[in-house]
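Given the structure is predicted, the values throughout are model-derived calculations rather than measurements. Both counts, for ligands and for their atoms, begin at 1 and track the order of listing.
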Amino acid sequence: MTPASDTAAAAAAAVYETDAPVLYAQQDAIAIVSLNRPKFGNAQNAQMLYALDGALRRAASDDSVKVIVLRAEGRHFSSGHDIGTPGSDFATSWPDRRTLWYDHVGTVGAETHYVREQESYLGLCRRWRELPKPMIAAVQGACIAGGLMLAWICDLIVASEDAFFSDPVLKMGVPGVEYFAHAFEMHPRIAREFLYLGERMSAQRAYEIGMVNRLVPLAELHGAAIALAEKAAQSPRFALALAKQIFNQIEDLQGKRAAIDAAFSAHHLAHAHNQLTGDWLGGVRARDVKKT
Ligand code: ZN
């Protein structure tokens, strides 16, 4: 299958089940941003990603907001990038892009996915990571592949006991998700196991290895995230922003930005290889890796 026919097929099939894929609320100094595609495990289509960007921009701009909680409706935090729901829309042109990358629609060959993922995956994640207010992820159920990206760009992660984390995309012939923070989120020895085996990591283990800050029963997830946000919100806004910048700078001095850039190139070599030998996901779809 050529990339052009990949995108044409997806364009024909895209049907949105909601006009509100992200919800926004505020409680005192805390913005509560909720992924809202529970019917599809909060799979991330472009509609959701741009709505999320809009919500985060609103929270960033609002002087009354000091901390952001990123949570999800339904049983799962996020099943990853949308590669198989009726609302899968990677062929959709988004005029109001948030980086200066040009439109991927109309491109061919390796350029299509490279340009789209620079904007929609890597570009947006980096933009959100640099949002100068602390972000706290509240994770329940599945946090798979692209779901990891949303949790990992947050400053703190609270997980419920039922949560699990996995990046099974090696089975699609690509070496990890587009935002390759694996070896920074966990010890490289554990990260290799996580990626090579593609197994689910329980919330308990994620807590033990330091990827998760708090582990709580599901019924207490929201309250625990809000409690952390309230405590952080007691400090001055500018000090919080500076502290966040310092941590981001330290991570980048440790090589995070360069590592992710290198991994992104390898990721797209793999997509291109897959296109040359079959299709860009190696013939694998979400349903094929669901039970991993
Ligand atoms: Zn990709």
Practice item. Kindly give the heavy-atom pair with the smallest separation between Leu240 and Ala232, and that separation in Å. Key: CD1-O, 3.5 Å
Taking [X] for its side chain and [Y] for its backbone only, find out whether a donor-acceptor pair lies under 3.5 Å.
X      : Y      : result
Gln26  : Asp28  : yes
Arg200 : Phe165 : no
Arg214 : Val212 : no

Review point. If you draw a sphere of radius 2.8 Å around the Zn ion (ligand 1), how many protein N/O/S atoms end up strictly inside it?
Key: 5
Review point. So, is the end of the Arg98 side chain (NZ or CZ) under 6.0 Å from the ring centre of Tyr50 and within 45° of the ring's axis?
Key: no
Exercise for review: List for me each residue that meets salt bridge (charged side-chain N to carboxylate O under 4.0 Å, His left out) alongside Arg127, sequence neighbours excluded, and say none if there are none.
Suggested key: Asp53
